[in-house]
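Notes to accompany the following structure.
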Amino acid sequence: MPLSATADTSKTVKLERYNSYLRKIHSTKVLNASSKVLFRATLLVALVLVLLFAINYPPLSDSRAAAAHHLHRRSFLSTGLFSSSSSSSSSIGGAAWEKRVRQSSTAKRPHGLSVLVTGAAGFVGSHCSLALRKRGDGVLGFDNFNDYYDPSLKRARQELLEKQQVFIVEGDLNDGPLLRKLFDVVPFTHILHLAAQAGVRYAMKNPQSYIASNIAGFVNLLEVAKAANPQPAIVWASSSSVYGLNTENPFSEEHRTDQPASLYAATKKAGEEIAHTYNHIYGLSLTGLRFFTVYGPWGRPDMAYFFFTKDILHGKSIDIYRTQDNQEVARDFTYIDDIVKGCVGALDTAEKSTGSGGKKRGQAQLRVYNLGNTSPVPVGRLVSILEGLLGTKAKKHLIKMPRNGDVPYTHANVSLAYKDFGYKPTTDLAAGLRKFVKWYVGYYGIQPRVKKENFHAEGSA
């Protein structure tokens, strides 16, 4: 082989070795640089996670200032906690929002109450809120405006309350930070807890909603109330449904309530036991009210008197239940104004809670009352009254009561409520339905086939 060829080959080999060496150095530098970038990115992510954890889960403290700081930061980081009102764009926790909360909660009369009303956009809640406000008490509403029935009806009730300067905070009972924020802003004297998942039959379709609202939501509210300083007195809505399969009449608070006929009833009975526990351990003053079939203007569309009215006016047939032994189903229909008087009476006679800082300091008040009309009326009679008021015959379809949780008969003994706070119902079914139908045809813009003067007649029991 020629010497020049050998030299060229040697140069080529050296050049390839040098290029290989450069590639290795370059790869090493790239790898080192990538490792540094990855390390720094990982460290940055870790720091962000630690910061978020610290913000959302601060050390436990009894300091209200620390709690307020935590709530402010949590609200800032949330991407859409809740809107404060359909008619207000002020953010929760902001100065404008806090001003509205304080103004709504401030009593206008000497020694007036400051009441947090949950379920304030609901049927009973809106009526109670208006009654308390009109007599000069401070009222702050709380409602999640769910779609169990037409939310537009709830928004219409909200508008009524807004006209009386009652502000409704839109939120869920299971949002503890939001509830604690309210108690940071306002030292409520009372809670009127009316928010709940209502309805006996709906429990067969959506049982979890009853657990989330009637049990978990109630516990969350009690957890916030027990830690408040001062602790508020609490009046809350139980239900006549807790009597379940009880056959003793009229229903008395002393009768057994351990045989619920529906999941709804079971959650309300659970609520009574939970109330007993928080009273016993934390000194919360708690009063449970067992409502009996409430009806009246601005009522709930899922109730029989309401959808009977709608179906009669639209010429649709209505199902009228009879018991398995072919007896008429009867209910102790109670007019909304009477229920409101009972709720207000319970609030006015509720003693102060005895706990402080989540610790019981003494024996606290624990009560349960029936609020009914004391006069059961067969459902067939209800339909007859509606026919007369609407000027239209109903297309009746008589069927046996299905096993869906309904009970055949309710009858309230209200002597205990009368003794303790003067509860005495005064509105009979005919008078109450007349007021309801007058509201119904006006609200929905319907012209009934009956003279308007019929709606102005009054009657009472």
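The main-chain N or O of Ala120 is never found under 3.5 Å from a side-chain atom of Ser129 such that the two would form a donor-acceptor pair. In terms of modelled atom types and a separation under 3.5 Å, the side chain of Asn279 and the main chain of Ala364 share a donor-acceptor contact. Side-chain atoms of Ser114 come within 3.5 Å of backbone N or O of Ser105 as a donor-acceptor pair. Looking at Lys268, its side chain never comes within 3.5 Å of a backbone N or O of Ser240 through a donor-acceptor pair. A side-chain donor-acceptor contact under 3.5 Å links Ser104 to the backbone of Phe167. Judged by distance alone, the side chain of Asn246 and the main-chain N or O of Phe251 form no donor-acceptor pair under 3.5 Å. No donor-acceptor pair closer than 3.5 Å links the side chain of His280 to the backbone N or O of Gln363. No donor-acceptor distance shorter than 3.5 angstrom exists from the side chain of Asn370 to the backbone of Gly372, with no hydrogens or angles considered. Asp332 places a side-chain N or O within donor-acceptor distance of the main-chain N or O of Asn373, the cut-off being under 3.5 Å. The closest donor-acceptor contact from the side chain of Ser252 to the backbone of Glu254 lies under 3.5 Å.
Ion pair Asp348/Arg135 flagged as a salt bridge, since at least one NZ, NE, NH1 or NH2 atom sits closer than 4.0 Å to an Asp/Glu carboxylate oxygen. Using a 4.0 Å cut-off between a side-chain N of Lys or Arg and a carboxylate O of Asp or Glu, Glu159 and Lys163 do not qualify as a salt bridge. One finds a salt bridge joining Lys269 and Glu273 here, because a Lys/Arg side-chain nitrogen approaches an Asp/Glu carboxylate oxygen to under 4.0 Å. Taking the charged nitrogens against the carboxylate oxygens, Glu272 and Arg290 do have a contact shorter than 4.0 Å, which makes a salt bridge. At a threshold of 4.0 Å, the pair Glu253-Lys419 does not count as salt-bridged, since none of the basic side-chain nitrogens sits closer than that to a carboxylate oxygen. In this structure, Asp143 does not pair ionically with Lys154, as no charged nitrogen and carboxylate oxygen lie closer than 4.0 Å.
Cys128 is listed as a side-chain neighbour of Val340, based on a closest heavy-atom distance under 4.5 Å. Considering only heavy atoms from C-beta on, Tyr264 stays 4.5 Å or farther from Tyr202 through its side chain. Counting heavy atoms from C-beta on, the side chains of Phe188 and Leu140 come closer than 4.5 Å. At least one side-chain heavy atom of Val379 sits under 4.5 Å from a side-chain heavy atom of Phe308. Using a 4.5 Å cut-off on side-chain heavy atoms (C-beta onward), Val242 and Pro260 make no contact. Counting heavy atoms from C-beta outward, Leu313 and Tyr440 have side chains that approach closer than 4.5 Å. Using a 4.5 Å heavy-atom threshold, the side chains of Ile234 and Leu222 count as touching. Annotation: side chain of Ser239 is not in contact with side chain of Phe292 (no heavy-atom distance under 4.5 Å).
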Apply side-chain contact (heavy atoms from CB on, under 4.5 Å) to Leu289 and Ser238, showing your working.
-> CA-CA 5 Å; Leu289 303 177; Ser238 182; over 6 Å; no
Check step by step if side chain to side chain donor-acceptor pair (under 3.5 Å) holds for Arg367 and Thr349.
-> CA-CA 11 Å; Arg367 306 181 296 174; Thr349 56; 3.0 Å; yes
When you look at Lys396 and Val383, which way does the side-chain contact (heavy atoms from CB on, under 4.5 Å) test go after all the steps?
-> CA-CA 9 Å; Lys396 306 170 190 175; Val383 174; 3.9 Å; yes
Would you check, one step at a time, whether the test side-chain contact (heavy atoms from CB on, under 4.5 Å) holds for Val101 with Lys99?
-> CA-CA 5 Å; Val101 167; Lys99 183 179 179 181; over 6 Å; no
Where do Phe142 and Leu179 land on the side-chain contact (heavy atoms from CB on, under 4.5 Å) test, with the steps shown first?
-> CA-CA 9 Å; Phe142 189 88; Leu179 288 175; 3.8 Å; yes
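For the atom pair CE (Met303) and CZ (Phe307), the distance works out to 9.0 Å, reported to the nearest 0.5 Å. Atom NE2 in His127 sits 12.0 Å away from atom CG in Leu194 (nearest 0.5 Å). Rounding to the nearest 0.5 Å gives a distance of 8.5 Å between OG of Ser126 and CG of Leu153. Rounding to the nearest 0.5 Å places CD of Gln165 at 10.0 Å from CZ of Arg100. Atom CD of residue Gln208 and atom CG of residue Leu263 lie 9.0 Å apart, to the nearest 0.5 angstrom. Taking OG1 from Thr334 and CG from Leu371, the interatomic distance works out to 8.0 Å, rounded to the nearest 0.5 Å.
Of all heavy-atom pairs spanning Leu113 and Asp137, the tightest one is N-OD1, 2.8 Å. Closest approach of Gln197 to Ser209, counting heavy atoms only: CG-OG, 3.5 Å. Minimum heavy-atom separation, Leu286 to Ala275: CD1-O, 3.2 Å. Here the shortest heavy-atom pairing between Ile191 and Ala225 reads CD1-CB, 4.1 Å. Counting all heavy atoms, side chain and backbone alike, Thr354 lies closest to Arg361 at O-CB, 2.9 Å. Of all heavy-atom pairs between Phe291 and Cys343, the closest is CZ-SG, 3.7 Å.
The aromatic rings of His411 and Tyr409 sit perpendicular, their planes meeting at an angle over 60°, well past the 30° parallel limit.
Shown here is Lys424, whose NZ atom has no more than 12 heavy atoms of other residues, nucleotides or ligands within 6.0 Å. Crowding of Lys400 atom NZ: a count of heavy atoms from other residues, nucleotides or ligands under 6.0 Å exceeding 12. For OH of Tyr418, the number of neighbouring non-hydrogen atoms (other residues, nucleotides, ligands) closer than 6.0 Å is 12 at most. Taking a 6.0 Å sphere around CD of Gln324, one finds it holds more than 12 heavy atoms contributed by other residues, nucleotides or ligands. Summarising the local packing, CZ of Arg322 is surrounded by more than 12 heavy atoms from other residues, nucleotides or ligands at distances under 6.0 Å.
Asp302 and Tyr148 form a side-chain donor-acceptor contact under 3.5 Å, judged by distance and modelled atom types alone. Under the 3.5 Å distance criterion, with hydrogens and angles disregarded, a donor-acceptor pair is assigned to the side chains of Gln158 and Arg155. Side chains of Tyr243 and Asn249: a donor-acceptor N/O pair is absent below 3.5 angstrom, by distance only. Looking only at atom types and distance, the side chain of Thr118 has a donor-acceptor partner in the side chain of His193 under 3.5 Å away.
Figure legend: Lys226 and Tyr282 shown as a cation-pi pair, the cationic atom lying under 6.0 angstrom from the six-membered ring centre and within 45 degrees of its axis.
Of the candidates Tyr423, Trp236, Phe421, Tyr369 forms a ring-ring contact (aromatic ring centres under 6.0 Å, His included) with just one, namely Phe421. Among the candidates Phe123, Tyr295, Trp298, Phe306, the single residue satisfying the ring-ring contact (aromatic ring centres under 6.0 Å, His included) test with Phe436 is Phe306. Checking Thr257, Thr267, Val200 one by one against Ser241, the side-chain contact (heavy atoms from CB on, under 4.5 Å) holds for a single residue, Val200.
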